[in-house]
Amino acid sequence: MVKTALDNFPRPPCAELLGWRLLDARPQEGWIRLSFEGRPEFCNPAGFIQGGMLSAMLDDTMGPAVLVMSEGRLYTTTISMTVNFLSPAKPGPIIGEAKVTQLGKTIAFVEAKLTAADGALLATASATERLLEAARVVR
């Protein structure tokens with residue numbers, strides 16, 4: 001796999017909760033593929049992963065796409081995100097893919113999708129992200 005800015009990046013607690021794992025990336029294209037673990041604890045009463053958890057997975061796919069494309073120089077904070085839920089998500093592995101469609105000086109536009117292990121399209125999203133210089137972010 002290609003080397004990315006995420007190689008030495010400490011995974012935040014929210015990523016740990018979601019079972020976030022980097023699968024592949026093409027930094028110059030602003031593209032990333034991740035896996036998440038759809039845990040039974042994330043389910044609604046119908047037995048499907050709750051939409052808010054899927055939204056968190058989408059958000060946690062799009063931000064890293066910008067981080068990787070900017071070689072670790074830029075973090076994001078989501079200004080707006082539109083999510084479309086297309087199929088119920090069952091517990092198990094979930095794959096996230098994101099692509100930066102435009103990277104400006106202060107704003108980025110990103111698109112993402114989640115798929116089930118069988119390839120079923122679960123959800124899509126588009127987001128507008130405010131760009132923050134990583135050197136200025138206090139942790």
Side-chain angles (χ1 to χ4, degrees):
M1 184 170 50
V2 68
K3 190 172 178 100
T4 73
L6 293 167
D7 291 346
N8 298 314
F9 190 78
R11 228 182 342 251
C14 62
E16 288 294 332
L17 174 69
L18 296 172
W20 188 104
R21 297 288 178 262
L22 177 64
L23 298 176
D24 198 4
R26 294 192 294 266
Q28 293 168 328
E29 296 175 30
W31 177 86
I32 194 167
R33 179 182 291 137
L34 309 168
S35 68
F36 296 96
E37 184 57 38
R39 299 179 181 167
E41 297 88 352
F42 298 168
C43 288
N44 62 25
F48 300 115
I49 305 295
Q50 196 267 346
M53 301 306 290
L54 296 173
S55 295
M57 291 176 191
L58 287 161
D59 196 38
D60 220 11
T61 302
M62 292 186 282
V66 172
L67 184 76
V68 165
M69 186 178 200
S70 71
E71 298 177 342
R73 293 187 318 271
L74 300 170
Y75 288 124
T76 61
T77 183
T78 304
I79 296 171
S80 68
M81 182 169 75
T82 300
V83 178
N84 297 297
F85 301 103
L86 305 171
S87 298
K90 298 175 184 172
I94 295 175
I95 304 300
E97 286 187 32
K99 172 91 170 92
V100 178
T101 57
Q102 186 173 355
L103 184 64
K105 292 181 181 179
T106 59
I107 303 289
F109 298 91
V110 190
E111 296 177 346
K113 68 179 180 177
L114 296 177
T115 55
D118 66 2
L121 185 58
L122 303 173
T124 61
S126 59
T128 305
E129 307 279 353
R130 180 170 311 283
L131 301 175
L132 306 169
E133 290 182 37
R136 294 184 178 196
V137 176
V138 178
R139 291 190 230 180

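Note that the coordinates shown come from a computational prediction; the quantities given were computed from them, not determined experimentally.
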To the nearest 0.5 Å, how far apart are [atom1] in [X] and [atom2] in [Y]?
X	Y	atom1	atom2	value
Glu129	Leu74	CD	CG	11.5 Å
Lys3	Glu71	NZ	CD	12.0 Å
Glu97	Ser35	CD	OG	12.0 Å
Leu34	Ile94	CG	CD1	12.0 Å
Ile49	Glu41	CD1	CD	9.0 Å
Asp24	Ile95	CG	CD1	11.0 Å

Does [X] share a hydrophobic cluster with [Y], counting links as ILVMFWY side-chain heavy atoms below 4.5 Å and allowing steps through other members?
X	Y	value
Leu122	Phe48	no
Leu67	Leu103	yes
Val66	Leu22	yes
Phe109	Ile79	yes

Salt-bridge contact Lys99-Glu111 (side-chain N to carboxylate O under 4.0 Å)
no

With a 4.5 Å limit on heavy-atom distance, are the side chains of Phe42 and Leu54 in contact?
no

Shortest non-hydrogen contact from Val83 toward Ala125
CG2-CB, 4.2 Å

For the backbone of Leu17 and the side chain of Arg39, can you confirm whether one donor and one acceptor N or O come within less than 3.5 Å of each other?
yes

Check whether Trp20 reaches the backbone of Arg11 with its side chain - one donor and one acceptor, N or O, closer than 3.5 Å.
no

Please determine whether the number of non-hydrogen atoms from other residues, nucleotides or ligands lying under 6.0 Å from atom CG of Asp118 exceeds 12.
yes

